[in-house]
Amino acid sequence: MGNKNDQTRNNSEKLILSEDIIMSKIYFIREQKVMLDSDLAELYGVETRQLKRQVRRNLHRFPNDFMFEISKKENESLRCQFGTLQSGSHAKYLPMVFTELGVAMLSSVLNSQTAIKVNIQIMRIFMKMRKLIDTHELILAKLDELEKKDIEHDDKLLIIFEYLKQFDEAEKTM
């Protein structure tokens with residue numbers, strides 16, 4: 001039987017959000033997987049301005065590879081592609097986006113139990129995505145290798161057919 005600490009740990013590790021919900025909030029901007037400040041605030045159960053305030057107070061913890069503000073063009077692209085803002089609503093400031101490292105750092109500036117639990121889930125999903133990408137790249141490399149082997153085999157078969165053809169022609173002339 002497990003002790004009380006094991007039960008507490010199991011209770012604290014229960015899923016708060018589904019993987020699908022979290023994955024739907026991960027975007028590719030500047031060839032990086034990122035999450036929007038407003039999406040993270042929603043997941044953490046805080047207001048976006050509160051999240052931004054905490055980040056600004058701790059900017060030294062968020063270098064450019066952890067967090068950056070997207071450009072107007074990137075923001076318009078997101079709005080068109082994903083409908084991140086309802087038509088007619090406008091934010092005063094451009095959104096901040098957080099890379100995996102930035103999301104991890106957020107748990108140190110948003111010190112609520114909800115933020116910690118959600119952060120753990122997000123980190124696990126980023127890890128799963130990384131594994132999927134690695135697996136995908138491995139499969140592509142193997143397919144490329146097989147294709148090269150097939151081409152080599154095709155070339156060898158062509159040579160064999162050419163020899164057989166020459167042999168057949170030589171036999172007919174005899």
Side-chain angles (χ1 to χ4, degrees), residues 6-145:
D6 288 341
Q7 290 173 344
T8 303
R9 177 179 288 171
N10 288 338
N11 288 339
S12 70
E13 289 183 3
K14 286 183 180 174
L15 295 180
I16 295 175
L17 303 164
S18 75
E19 285 186 8
D20 291 339
I21 289 172
I22 295 172
M23 288 184 79
S24 72
K25 298 184 183 298
I26 298 174
Y27 305 103
F28 283 92
I29 300 175
R30 299 182 194 172
E31 298 183 19
Q32 297 182 74
K33 294 184 300 276
V34 297
M35 297 185 77
L36 293 170
D37 54 6
S38 57
D39 289 339
L40 286 163
E42 179 186 337
L43 294 173
Y44 295 146
V46 299
E47 291 184 13
T48 304
R49 67 180 178 195
Q50 180 186 356
L51 183 141
K52 285 184 165 192
R53 187 179 319 120
Q54 287 301 100
V55 170
R56 285 191 188 101
R57 287 181 182 164
N58 294 280
L59 266 180
H60 61 282
R61 294 177 181 243
F62 296 93
N64 288 336
D65 58 331
F66 282 41
M67 181 274 302
F68 55 90
E69 194 173 90
I70 63 174
S71 69
K72 286 182 182 181
K73 185 176 181 180
E74 290 166 330
N75 190 37
E76 287 300 316
S77 176
L78 274 177
R79 288 178 65 179
C80 291
Q81 290 177 25
F82 304 107
T84 56
L85 291 176
Q86 295 175 354
S87 57
S89 69
H90 302 285
K92 187 175 180 180
Y93 302 103
L94 290 169
M96 295 174 171
V97 293
F98 296 84
T99 64
E100 180 177 356
L101 295 170
V103 172
M105 186 59 72
L106 275 174
S107 66
S108 69
V109 298
L110 295 173
N111 201 11
S112 73
Q113 287 301 311
T114 301
I116 292 167
K117 289 177 184 178
V118 170
N119 247 47
I120 289 169
Q121 283 186 269
I122 293 170
M123 292 298 99
R124 287 181 174 150
I125 288 172
F126 271 116
M127 188 183 325
K128 279 185 180 182
M129 289 178 78
R130 209 172 22 259
K131 285 179 182 178
L132 284 172
I133 289 169
D134 289 347
T135 301
H136 179 73
E137 288 175 356
L138 180 64
I139 290 170
L140 286 177
K142 291 206 181 263
L143 284 173
D144 191 43
E145 186 180 314

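Every heavy atom of this structure was used, including side-chain atoms; hydrogens, water molecules and symmetry mates were not. FYI, the numbering just counts along the sequence from 1. Because the structure is predicted, anything quoted here is derived from the model rather than measured.
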Test item: [X] side-chain N/O and [Y] main-chain N/O as donor-acceptor pair under 3.5 Å:
X     : Y     : value
Thr99 : Phe66 : yes
Glu69 : Pro95 : no
Asp39 : Met35 : no

Query raised in the report: Which heavy-atom pair separates Val46 from Gln50 by the least distance, and what is that distance?
Result: CB-OE1, 3.4 Å
How far does [atom1] of [X] sit from [atom2] of [Y], to the nearest 0.5 angstrom?
X      : Y      : atom1 : atom2 : result
Asp65  : Met67  : CG    : CE    : 10.5 Å
Lys128 : Ile133 : NZ    : CD1   : 14.5 Å
Lys131 : Met127 : NZ    : CE    : 6.0 Å
Thr114 : Leu43  : OG1   : CG    : 11.0 Å
Leu36  : Ile26  : CG    : CD1   : 11.0 Å
Ile125 : Ile22  : CD1   : CD1   : 3.5 Å

Query raised in the report: Are any non-hydrogen side-chain atoms of Glu100 and Met129 less than 4.5 angstrom apart?
Result: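 The answer is no, as the side chains (C-beta and beyond) never meet within the 4.5 Å cut-off.
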**Report entry** Pairwise side-chain contact, His60 with Asn58, heavy-atom cut-off 4.5 Å (strictly under)
**Finding:**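 They are in contact (side-chain heavy atoms under 4.5 Å apart), so the answer is yes.
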Report task. Apply the test side-chain contact (heavy atoms from CB on, under 4.5 Å) to residues Phe98 and Phe62: give CA-CA distance (whole Å), side-chain angles for both, the deciding distance (0.1 Å), then the verdict. Result -> CA-CA 9 Å; Phe98 296 84; Phe62 296 93; 3.9 Å; yes
Report task. Go through the steps to decide whether Lys33 and Phe126 satisfy the test side-chain contact (heavy atoms from CB on, under 4.5 Å), and finish with yes or no. Result -> CA-CA 8 Å; Lys33 294 184 300 276; Phe126 271 116; 3.7 Å; yes
Report task. Using side-chain contact (heavy atoms from CB on, under 4.5 Å) as the criterion, point out the one residue from Ile120, Ile122, Asn119, Val118 that pairs with Ser107. Result -> Asn119
Report task. Check step by step if side-chain contact (heavy atoms from CB on, under 4.5 Å) holds for Leu106 and Val55. Result -> CA-CA 8 Å; Leu106 275 174; Val55 170; 3.7 Å; yes
Requested in this report: In sequence, state the C-alpha distance, the side-chain angles, and the governing distance for Tyr27 and Val97, and then conclude on side-chain contact (heavy atoms from CB on, under 4.5 Å).
Outcome: CA-CA 9 Å; Tyr27 305 103; Val97 293; over 6 Å; no
**Report entry** Partner set under salt bridge (Lys or Arg N to Asp or Glu O under 4.0 Å) for Arg30, not counting sequence neighbours
**Finding:** Glu74
Query - Contact list for residues 42-59, test salt bridge (charged side-chain N to carboxylate O under 4.0 Å, His left out), sequence neighbours left out - result: Lys25-Glu42, Asp37-Lys52, Glu47-Arg49
